[in-house]
Protein chains: 2
Amino acid sequence: MAYSIGQVAQLTGLSTHTLRYYDKYGLLPKVQKNSAGLRRFTEDDLNLLNLIECLKSTGLKLKDIRHYIDLMQQGERTLSERYQIFLKQKQSLLLRQQELLRNMEKLDFKIRYYKTALKYGEANVYKKNKQLASDRARLFAKF
Amino acid sequence: MAYSIGQVAQLTGLSTHTLRYYDKYGLLPKVQKNSAGLRRFTEDDLNLLNLIECLKSTGLKLKDIRHYIDLMQQGERTLSERYQIFLKQKQSLLLRQQELLRNMEKLDFKIRYYKTALKYGEANVYKKNKQLASDRARLFAKF
DNA sequence: GATTAACTTAGAGCGAGCTTTAAGTCAAGA
DNA sequence: TCTTGACTTAAAGCTCGCTCTAAGTTAATC
């Protein structure tokens with residue numbers, strides 16, 4: 001089963017422009033063209049797009065994704081370099097997770113702040129809510 | 001206690017260029033200048049930079065951050081709009097958290113894939129490790 | 001045969017967020 | 001007084017990741 005670029009755009013949420021851009025950039029080395037010169041995407045290409053999306057959203061740049069895809073094309077001898085890329089990427093995702101939790105705390109603080117402010121006015125927030133006063137010091141006075 | 005732009009750069013990890021850019025862009029409306037025209041940053045300014053960093057890293061654009069800071073300047077009558085911004089931001093962060101976990105699964109899959117491949121060769125991964133075969137279908141064959 | 005719609009290419013353009021440049025001011029120390 | 005170094009400004013330049021344009025091809029339908 002093969003898909004046209006328009007179908008892939010629908011399936012992935014990427015635009016046809018973006019798909020052509022990725023292809024030209026070297027992210028989709030296996031995409032074939034039919035006799036009319038139209039791209040035919042396979043399931044493997046879709047899985048690769050899925051992975052590209054994952055790598056992109058975990059912070060890898062297109063250039064680095066292209067490097068990884070180049071390595072895949074080179075076969076078994078690049079196995080350990082590819083393995084290292086994912087180990088490193090996992091570490092960076094763990095850091096992001098921690099950062100996300102810290103940011104969640106800050107947003108939660110702001111939400112409690114505004115709840116209190118809506119009740120008592122901004123001038124009275126830290127008088128009315130001592131917990132907020134202490135959380136503020138903990139979360140924002142880092143310098 | 002006031003800080004020079006260079007000190008703030010050190011404390012925050014932002015460049016002096018970026019700090020001036022933020023100021024000019026309207027993210028730091030309260031930063032004063034001394035008689036020589038040099039910026040003097042207060043603790044409040046540092047806390048605001050901390051918040052800007054948080055909003056930025058949870059996906060808000062500088063334009064939207066500026067809008068929030070404009071609202072702060074307008075006082076109490078914008079309280080509920082500011083509250084809404086944080087409620088919305090919290091929702092978007094929860095979505096990011098889910099996406100992060102999905103991506104973590106995919107990275108873990110790849111790590112297990114390469115561990116197996118390094119042992120048995122890429123040609124044998126799915127023969128040697130049936131769990132990987134099923135995880136692959138689950139994680140990447142979404143289309 | 002003409003129209004339509006989906007595709008093709010090369011290449012220009014765009015928005016975000018910095019980053020650098022060029023030219024100048026200022027204050028402290030040798 | 002001269003130099004040094006940290007600052008100031010306005011504005012140009014840069015990278016990334018698209019996004020759009022212009023001109024053309026192809027295949028199916030009226």
Side-chain angles (χ1 to χ4, degrees), chain A residues 1-42 45-46 48-69 89 92 99, chain B residues 1-42 45-46 48-70 89 92 99 103:
Chain A
M1 175 91 185
Y3 303 89
S4 73
I5 197 168
Q7 290 171 318
V8 175
Q10 287 238 330
L11 288 167
T12 59
L14 300 167
S15 73
T16 56
H17 301 295
T18 301
L19 288 167
R20 275 185 218 104
Y21 171 76
Y22 281 4
D23 189 8
K24 201 173 169 186
Y25 193 82
L27 301 185
L28 301 168
K30 301 241 279 276
V31 171
Q32 303 296 308
K33 293 184 185 172
N34 68 12
S35 56
L38 306 193
R39 288 176 186 79
R40 318 283 27 219
F41 290 75
T42 65
D45 295 322
L46 290 175
L48 183 54
L49 281 167
N50 187 327
L51 177 63
I52 288 169
E53 199 49 42
C54 168
L55 293 175
K56 198 150 65 76
S57 95
T58 62
L60 228 62
K61 306 227 153 141
L62 295 194
K63 199 170 124 186
D64 300 319
I65 297 176
R66 180 171 57 186
H67 176 61
Y68 167 74
I69 289 166
Q89 210 47 23
S92 114
E99 196 198 352
Chain B
M1 174 93 185
Y3 303 88
S4 72
I5 197 168
Q7 290 172 318
V8 175
Q10 288 237 329
L11 288 167
T12 59
L14 300 167
S15 73
T16 57
H17 303 295
T18 301
L19 289 167
R20 276 185 218 106
Y21 171 76
Y22 281 6
D23 189 9
K24 199 174 171 188
Y25 192 82
L27 301 184
L28 302 168
K30 301 242 279 280
V31 170
Q32 303 295 309
K33 293 186 186 171
N34 68 12
S35 56
L38 307 193
R39 289 176 185 79
R40 318 284 28 219
F41 291 74
T42 65
D45 295 322
L46 290 176
L48 183 54
L49 281 167
N50 187 325
L51 177 63
I52 288 168
E53 198 49 41
C54 167
L55 292 174
K56 198 150 64 75
S57 97
T58 62
L60 228 62
K61 306 228 153 140
L62 295 193
K63 200 170 122 187
D64 300 318
I65 296 175
R66 180 171 59 187
H67 176 61
Y68 168 74
I69 289 167
D70 285 349
Q89 211 46 22
S92 114
E99 197 198 351
N103 286 333

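Proteins come first, then strands; the chains are lettered A, B, ... in the order of their sequence lines, and each starts at number 1.
C:dC7 atom C1' lies 10 Å from atom CZ of A:R40, rounded to whole Å. One interatomic measurement links the two molecules: CG of B:L38 to C1' of C:dG24, which rounds to 13 Å at whole-angstrom precision. Straight-line distance from the CD atom of A:Q10 to the P atom of C:dA5: 16 Å, rounded to whole Å. If you measure from atom CZ of A:R20 to atom C1' of C:dA10, you get 12 Å, rounded to the nearest angstrom. Rounded to whole angstrom, the span from the CG atom of A:N34 across to the P atom of D:dT25 amounts to 17 Å. Rounded to an integer number of Å, the gap from B:D23 CG to D:dA10 P is 11 Å.
Within the 4.5 Å cutoff, no side-chain heavy atoms of A:K61 are placed close to those of A:R66. For the pair B:K63/B:Y25, a side-chain contact is recorded, criterion being any heavy-atom separation below 4.5 Å from C-beta on. Contact of the B:S92 side chain with the B:T58 side chain is not registered, since no non-hydrogen atoms from C-beta on lie closer than 4.5 Å. The shortest side-chain heavy-atom distance between B:R40 and B:V31 does not fall under the 4.5 Å cut-off. Taking 4.5 Å as the limit, every side-chain heavy atom of A:V8 sits out of range of all side-chain heavy atoms of A:L14.
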Tabulate atom names and distances for all N/O pairs under 3.5 angstrom spanning the protein and nucleotides 16-20 of chain D.
{"residue": "D:dG17", "atom": "OP2", "partner": "A:L62", "partner atom": "N", "Å": "3.4"}
{"residue": "D:dC18", "atom": "OP2", "partner": "A:Y22", "partner atom": "OH", "Å": "2.6"}

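Between C:dT9 and A:K33, a contact under 4.0 Å exists linking OP1 or OP2 to a side-chain N or O.
Salt bridge annotation for B:K30-B:D45: absent, with no cationic side-chain nitrogen under 4.0 angstrom from a carboxylate oxygen.
B:T16 comes within 4.0 angstrom of no nucleic acid atom, judged by non-hydrogen atoms across all strands. Across all strands, A:R39 comes closer than 4.0 Å only to sugar-phosphate atoms, never to a base (heavy-atom distances).
Around atom CD of B:Q32, no more than 12 heavy atoms belonging to other residues, nucleotides or ligands sit under 6.0 Å away.
Between A:K24 and A:G37, the residue whose closest nucleotide on DNA chain C is further toward the 5' end is A:G37.
Relative to the side chain of A:I5, the nucleotides D:dA27, C:dT8, D:dT8 differ in distance, and C:dT8 lies closest.
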